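Everything below concerns the one structure shown next.
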Number of protein chains: 2
Amino acid sequence: MTKYFTKYSNAFIPTLREVPADAVIASHRLMFRAGLLRKLANGLFTYLPLGLRSFRKVEQIIREEMNASGALEIKPTVVVPGELWKESGRWDAMGESLLRVKNRLDNDFVVSPTAEEVFTATVRDELSSYRQLPLTLYQINTKFRDEIRPRYGVMRGREFVMKDAYSWHADDASLDETYQAMGRAYRRIFKRCGLSVIPVKADSGAMGGSGSEEFMVESEIGDNTLILCKKCDYAANVEKASCAPDFHPRPSAAFAKAAAAGTPPIEKKDTPNVKTIEELCAFLKTDAKNFIKTLIYRAVNVELDLSNAPGCSKLERKKSGDASSAKSGNEAYPEAFFAVAIRGDLDVNEVKLASVLKASEVTLASDADVTRLTNAPVGFAGPVGLTSLPLVIDHTVTGMNDAVTGALEKDTHFQHAAYGRDFEAWRIEDVRTVKAGDACPLCGGELYTKMGNELGHIFKLGFKYTRSMNVTYLDENGKTQTPTMGCYGIGVDRTLASIIEEHHDEAGIVWPVSVAPYHVIIVPIKYDGAVKEAADKLADELTKMGLEVLLDDRGERPGVKFNDADLTGIPWRIVIGDKGLAQNTPQVEIKKRTEKENRMIDLDKAAAEISQKIRAELEALNE
Amino acid sequence: MTKYFTKYSNAFIPTLREVPADAVIASHRLMFRAGLLRKLANGLFTYLPLGLRSFRKVEQIIREEMNASGALEIKPTVVVPGELWKESGRWDAMGESLLRVKNRLDNDFVVSPTAEEVFTATVRDELSSYRQLPLTLYQINTKFRDEIRPRYGVMRGREFVMKDAYSWHADDASLDETYQAMGRAYRRIFKRCGLSVIPVKADSGAMGGSGSEEFMVESEIGDNTLILCKKCDYAANVEKASCAPDFHPRPSAAFAKAAAAGTPPIEKKDTPNVKTIEELCAFLKTDAKNFIKTLIYRAVNVELDLSNAPGCSKLERKKSGDASSAKSGNEAYPEAFFAVAIRGDLDVNEVKLASVLKASEVTLASDADVTRLTNAPVGFAGPVGLTSLPLVIDHTVTGMNDAVTGALEKDTHFQHAAYGRDFEAWRIEDVRTVKAGDACPLCGGELYTKMGNELGHIFKLGFKYTRSMNVTYLDENGKTQTPTMGCYGIGVDRTLASIIEEHHDEAGIVWPVSVAPYHVIIVPIKYDGAVKEAADKLADELTKMGLEVLLDDRGERPGVKFNDADLTGIPWRIVIGDKGLAQNTPQVEIKKRTEKENRMIDLDKAAAEISQKIRAELEALNE
């Protein structure tokens with residue numbers, strides 16, 4: 001191929017001073033200002049040439065690392081048959097974010113938001129022998145999610161490009177091997193993009209698998225609260241973050257009972273018109289930390305064995321009809337209620353609770369259910385004397401031996417309640433929401449929180465799709481088996497926007513060289529005569545060295561050109577003017593976008609110097 | 001990046017012996033058999049790894065040639081606002097092939113079948129000065145057309161990938177320059193893909209512009225009839241093919257009249273119960289070539305001036321309300337009728353007729369209209385004495401001076417009718433459908449027909465979208481102007497399938513090296529011991545030379561491996577066995593897919609030899 005450089009006047013880079021009013025984050029503002037992006041409609045964007053160049057580089061980095069990990073790229077359609085989504089059960093489960101279409105024959109289609117079904121159907125038709133496993137397939141393709149409130153530019157658009165990979169395995173060990181390989185590939189991808197990611201153990205409850213890792217970037221507008229340790233590299237999504245060691249449960253109820261030896265006997269108190277924990281604490285002159293909060297939860301599709309649990313003897317239990325369940329065919333309780341006790345200053349994490357109960361969902365019980373189950377109005381539940389339903393206590397409650405709690409009667413509380421002496425639990429679990437200031441479960445250091453945006457997610461799916469969609473193969477003994485499955489996604493648009501979030505200053509974008517739309521911008525003070533000749537020659541020279549060069553040939557003032565060079569964030573700028581060329585040895589000015597200072601260099605050394613610097617930087621990112 | 005070769009057992013190439021019953025053309029059959037493609041639903045396909053590798057190469061060739069032509073790649077969304085389609089008028093015009101979607105907010109969207117609207121809207125917002133023109137933007141992106149009857153695999157699928165480019169210009173000369181550059185780029189693209197294309201002047205009537213060229217490949221299942229000359233390189237779509245020189249019109253009616261000097265006087269004949277031209281010819285003992293067939297057409301939105309045309313004095317004429325018309329604002333007749341006379345053995349080409357009449361559409365008039373306008377039942381129209389509507393005669397009729405024709409009365413015809421003596425015409429035009437055996441309009445050679453499939457189309461759109469969507473810029477004098485526009489498409493899937501149509505034999509695909517999924521397949525007779533070692537080493541060596549290598553590591557019999565190598569069409573095959581390696585100088589067998597013969601070569605010379613051959617072939621395709 002002929003190599004050629006780009007002239008700015010032909011490059012369609014419509015930079016702006018003004019930005020749309022809704023552009024509240026840096027990447028959104030800068031993608032508009034630097035002429036990378038335009039809005040087509042709410043949540044729909046057009047990448048302009050400069051933006052697409054960087055976008056394609058991110059795609060290519062992802063593709064290279066996927067291929068290097070052994071994954072194979074395929075390309076299904078974007079519009080896919082609704083039938084497949086009905087098979088998996090997600091046609092109903094996905095709700096309104098799924099963009100559904102009927103064609104002229106009245107058939108149902110979906111504009112893919114993700115592609116578990118399509119990939120699983122493809123593999124189902126081709127898989128016959130264990131020899132074909134493990135297998136990892138991926139695509140880099142258009143996705144659509146009909147967000148209620150798209151915002152922050154491409155950070156949360158309706159249409160976006162996602163790399164989604166899926167793997168199939170004969171056993172968990174093989175799944176884990178691919179899962180680990182994907183984790184390594186993801187770390188490399190983000191490193192090559194110049195991104196600092198925080199890999200966190202994420203919740204995987206709702207998707208029905210076990211084992212997952214989210215790759216987060218810090219973001220003021222992030223969807224996720226991350227729990228991080230000031231001393232070690234512990235990182236977790238608040239939905240899943242573990243409790244700190246000082247809340248580990250007492251070794252036994254007997255031990256707890258002994259610890260309560262000095263506590264006065266439990267005592268019932270009238271607490272008329274006391275409505276909140278704060279009011280109660282004021283009334284009894286105590287602290288929320290001495291209060292045992294008790295909440296009643298309704299859980300759906302509980303797979304735990306409740307045959308010996310209080311109040312559960314008559315619960316209906318049946319084979320799960322949900323073929324998409326990870327443990328389809330297991331028996332489950334369609335509905336069960338639980339009391340959950342926790343220290344009064346803490347919150348129950350419902351995701352952790354659902355995971356503990358092996359339930360597909362938990363929600364606070366209705367007022368009517370609370371009244372029926374506790375024999376008291378809402379607000380007076382407590383662990384003492386509670387026999388109508390199973391009591392789950394958080395680890396923190398095992399340390400409480402002189403507590404206030406509801407007495408299962410209107411306007412009445414207990415004082416001096418002690419775990420192990422006045423009540424025991426059906427289960428002791430970690431169900432609290434961790435918060436800033438808690439101790440790190442790994443090192444005891446102080447935890448703090450950050451808001452984060454998810455760029456990638458690797459996930460052990462298990463049998464959810466292979467069972468519901470009947471994927472099988474013959475094992476070494478000729479026996480029919482169902483493969484287990486993993487899935488691995490990265491949002492390309494969001495990754496690109498996050499690079500800008502991390503790499504910008506007040507003047508504009510500061511691209512890492514690996515994803516910069518061009519490596520070098522040449523700015524002739526006036527594109528004419530000897531300056532023009534030198535600029536063209538240098539651009540040619542750099543291009544032949546394999547660098548991507550933008551030459552600002554516009555008839556604008558140098559200040560305008562410098563501003564645009566900074567705004568568009570090209571890593572290296574070369575300024576060529578008459579004065580420099582008139583030196584005994586003709587000189588040009590070079591400046592790195594990341595640095596304040598520029599310096600003069602011999603014209604005939606500029607290309608080699610910059611090429612060497614760029615290559616070194618690329619190697620550092622890629623190593 | 002680390003370079004690596006692919007092992008067949010990891011490459012997910014599910015080759016087949018059987019093919020789907022509906023796979024009637026070679027590319028469809030071979031894409032399935034060679035494991036390039038699988039069906040997801042009717043007209044929706046998934047490219048598997050081997051197919052996608054070739055697909056991406058075709059995409060990349062198109063991208064490189066577009067970039068080299070100065071076009072800039074952008075990426076709008078696939079799902080686009082219906083509003084834009086309403087603005088252009090195509091929301092209503094496109095009919096059921098347009099896939100329409102409503103989202104959760106009840107807004108209208110379209111899954112793009114083409115993107116004139118989106119590109120025009122993007123440019124509208126950024127274009128201000130003539131200095132920004134000309135501008136050519138393109139995308140390579142997913143498209144959807146809800147075909148009534150998708151078939152022939154990806155040759156006519158519902159979802160496909162298209163390269164679509166659009167250009168904007170200050171004047172026709174600039175449009176023509178880009179149009180010519182695109183024509184050159186298209187020729188290079190198809191040449192690099194190893195395709196023999198036939199560039200033909202296509203009809204451009206319906207799309208409202210002037211000047212267009214289609215790039216066709218010969219195909220038994222083609223949508224288009226091409227008219228080609230046996231002697232010169234004349235090529236046209238039958239919809240637009242010109243008449244041959246021996247039918248050029250007589251210089252004048254007077255000349256024609258003189259030519260009719262020896263013809264007996266015109267005579268009315270009763271022709272009872274004669275219904276077809278064949279019956280009439282038998283009855284009057286003459287030939288269809290001596291019959292003047294006269295058809296009544298209804299034309300819509302006629303922009304010709306009919307003020308002096310027979311029977312048109314009372315026709316309603318008004319400003320065209322169709323803002324999308326190329327000549328919006330011109331006056332037009334919403335409805336007008338025309339008589340068209342042509343030699344009895346020939347057919348009227350309605351596309352050519354519409355173009356002649358400057359009508360948006362022509363259709364045969366209803367029986368009621370024919371009866372009203374000719375004062376006779378259907379079947380007795382004729383040019384003699386016809387005054388109720390304008391008479392258009394085909395060139396061929398000007399040479400007829402002793403003809404039979406309808407007499408505008410039931411069961412009655414004229415004999416001895418002569419053009420120039422017994423009737424004249426309102427217009428003399430070329431409206432016949434050219435057919436095999438006619439003479440070439442350029443050289444007089446014999447014309448023949450071929451069925452063709454369109455791979456690409458370049459097209460001067462004119463003002464259709466820029467007017468309807470209000471695109472303007474300021475010219476050098478500060479005056480507001482509307483740019484003119486061109487559009488340029490290539491179907492990627494169809495190009496890929498056409499390569500297979502042109503390059504296959506009974507054993508499978510025979511890829512041109514430029515688009516082959518791999519350059520070399522290494523087949524170890526048994527992947528073990530010294531053979532394995534030599535195979536791995538050779539694969540590494542070739543890979544380091546920049547070639548793409550597939551190593552067949554499967555435990556299959558050599559015959560199975562050879563069949564798959566032929567089926568998948570990899571350009572070069574290297575067979576490594578114990579016997580060859582045991583020679584004094586270890587040897588391997590090399591074979592080119594296009595050749596029957598294989599030959600032995602020293603193992604240590606194989607890589608250099610094959611690399612040199614592949615490079616030479618690539619250069620020949622790319623030069």
Side-chain angles (χ1 to χ4, degrees), chain A residues 1-2 4 9-12 14 35 38 40-42 44-49 51-53 55-56 64 67-68 70 72-81 83-84 96-97 99-101 103-105 107 109 111 118 121-122 125-126 131-132 135 137 141-142 144 146 148 157-159 161 622, chain B residues 1-2 4 9-12 14 35 38 40-42 44-49 51-53 55-56 64 67-68 70 72-81 83-84 96-97 99-101 103-105 107 109 111 118 121-122 125-126 131-132 135 137 141-142 144 146 148 157-159 161 622:
Chain A
M1 278 305 297
T2 328
Y4 45 85
S9 63
N10 301 328
F12 197 51
R38 286 297 181 265
L40 199 51
N42 197 16
L44 300 179
F45 300 92
T46 297
Y47 283 90
L48 299 188
L52 189 60
R53 290 179 74 100
F55 185 96
R56 293 266 183 252
E64 286 172 5
N67 292 348
L72 298 163
E73 188 177 3
I74 70 172
K75 190 179 84 64
T77 49
V78 173
V79 176
V80 301
E83 276 316 309
L84 293 174
E96 283 201 294
S97 70
L99 194 67
R100 296 155 212 254
V101 200
N103 80 340
R104 67 199 301 162
L105 301 172
N107 297 140
F109 291 90
V111 183
V118 168
T122 300
D125 295 343
E126 306 305 331
R131 283 193 203 88
Q132 295 166 274
L135 174 64
L137 302 176
N141 212 344
T142 299
F144 199 97
D146 199 9
I148 300 181
R158 280 176 174 155
E159 186 178 310
V161 170
N622 291 347
Chain B
M1 279 305 297
T2 328
Y4 44 85
S9 63
N10 302 328
F12 197 50
R38 286 296 181 265
L40 199 50
N42 199 14
L44 300 179
F45 300 92
T46 298
Y47 283 90
L48 300 188
L52 190 59
R53 290 180 74 101
F55 185 95
R56 293 267 184 250
E64 286 172 5
N67 293 348
L72 298 163
E73 188 177 3
I74 70 172
K75 190 179 85 64
T77 49
V78 173
V79 176
V80 301
E83 276 316 310
L84 293 174
E96 283 200 295
S97 69
L99 195 67
R100 296 156 213 255
V101 200
N103 79 340
R104 68 199 303 164
L105 301 172
N107 296 140
F109 291 90
V111 183
V118 168
T122 300
D125 295 342
E126 305 306 331
R131 282 193 204 87
Q132 295 166 275
L135 174 64
L137 301 176
N141 212 344
T142 299
F144 199 99
D146 199 9
I148 301 181
R158 280 178 175 153
E159 185 178 310
V161 171
N622 292 348

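Quick note: numbers below take in every heavy atom, side chains included, and nothing from hydrogens, waters or symmetry partners. Residue numbers begin at 1 in each chain, while the letters A, B, ... track the order of the sequences. Here the structure is a predicted model, which is why all the values come from computation and not from measurement.
Within the 4.5 Å cutoff, side-chain heavy atoms of B:K75 are placed close to those of A:V161. A heavy-atom distance below 4.5 Å is not found between the side chains of A:L99 and B:R104. Residues B:F12 and A:L135 form a side-chain contact, since some pair of their non-hydrogen atoms from C-beta on lies under 4.5 Å apart. Between B:V78 and A:F144, the closest side-chain pair of non-hydrogen atoms is not below 4.5 Å. Between B:T122 and A:L48, some side-chain heavy-atom pair lies under the 4.5 Å cut-off. Considering only heavy atoms from C-beta on, A:R158 comes within 4.5 Å of B:F109 through its side chain.
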**Request:** Please step through side chain to side chain contact (heavy atoms under 4.5 Å, CB included) for the pair A:L44 and B:V80, ending with a clear verdict.
**Result:** CA-CA 8 Å; A:L44 300 179; B:V80 301; 5.7 Å; no
**Request:** Starting from the C-alpha separation in whole Å, work towards a yes-or-no answer on side chain to side chain contact (heavy atoms under 4.5 Å, CB included) for B:T46 and A:T77.
**Result:** CA-CA 6 Å; B:T46 298; A:T77 49; 5.8 Å; no
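To the nearest 0.5 Å, atom CG of residue B:L72 and atom CZ of residue A:R53 are 9.0 Å apart. To the nearest 0.5 Å, atoms CG (B:L105) and CG (A:N42) are separated by 8.0 Å. Here A:L137 contributes atom CG and B:L52 contributes atom CG; the two are 11.0 Å apart, rounded to the nearest 0.5 Å.
Of the two parts of B:V79, the backbone and the side chain both hold a non-hydrogen atom closer than 4.5 Å to a non-hydrogen atom of chain A. Using a 4.5 Å cut-off between heavy atoms, B:R131 makes no contact with chain A at all. Both the backbone and the side chain of A:D146 come within contact range of chain B, with heavy atoms under 4.5 Å apart. Using a 4.5 Å cut-off between heavy atoms, B:I148 contacts chain A through both its backbone and its side chain. At a 4.5 Å heavy-atom cutoff, the contact between A:E73 and chain B is made by backbone and side-chain atoms alike. Heavy atoms of B:E126 lying under 4.5 Å from chain A belong exclusively to its side chain. Interface remark: B:S9 contributes no atoms to any contact with chain A (heavy atom separation under 4.5 Å). Heavy atoms of B:N103 lying under 4.5 Å from chain A belong to its backbone as well as its side chain.
Comparing A:A121, A:G51, A:A11 by how many heavy-atom pairs each has under 4.5 Å with chain B, the most go to A:A11. For the options B:N10, B:N141, B:N67, heavy-atom pairs under 4.5 Å to chain A are most numerous at B:N67. Listed options A:V101, A:D125, A:N107 were ranked by heavy-atom pairs under 4.5 angstrom with chain B; first place goes to A:V101.
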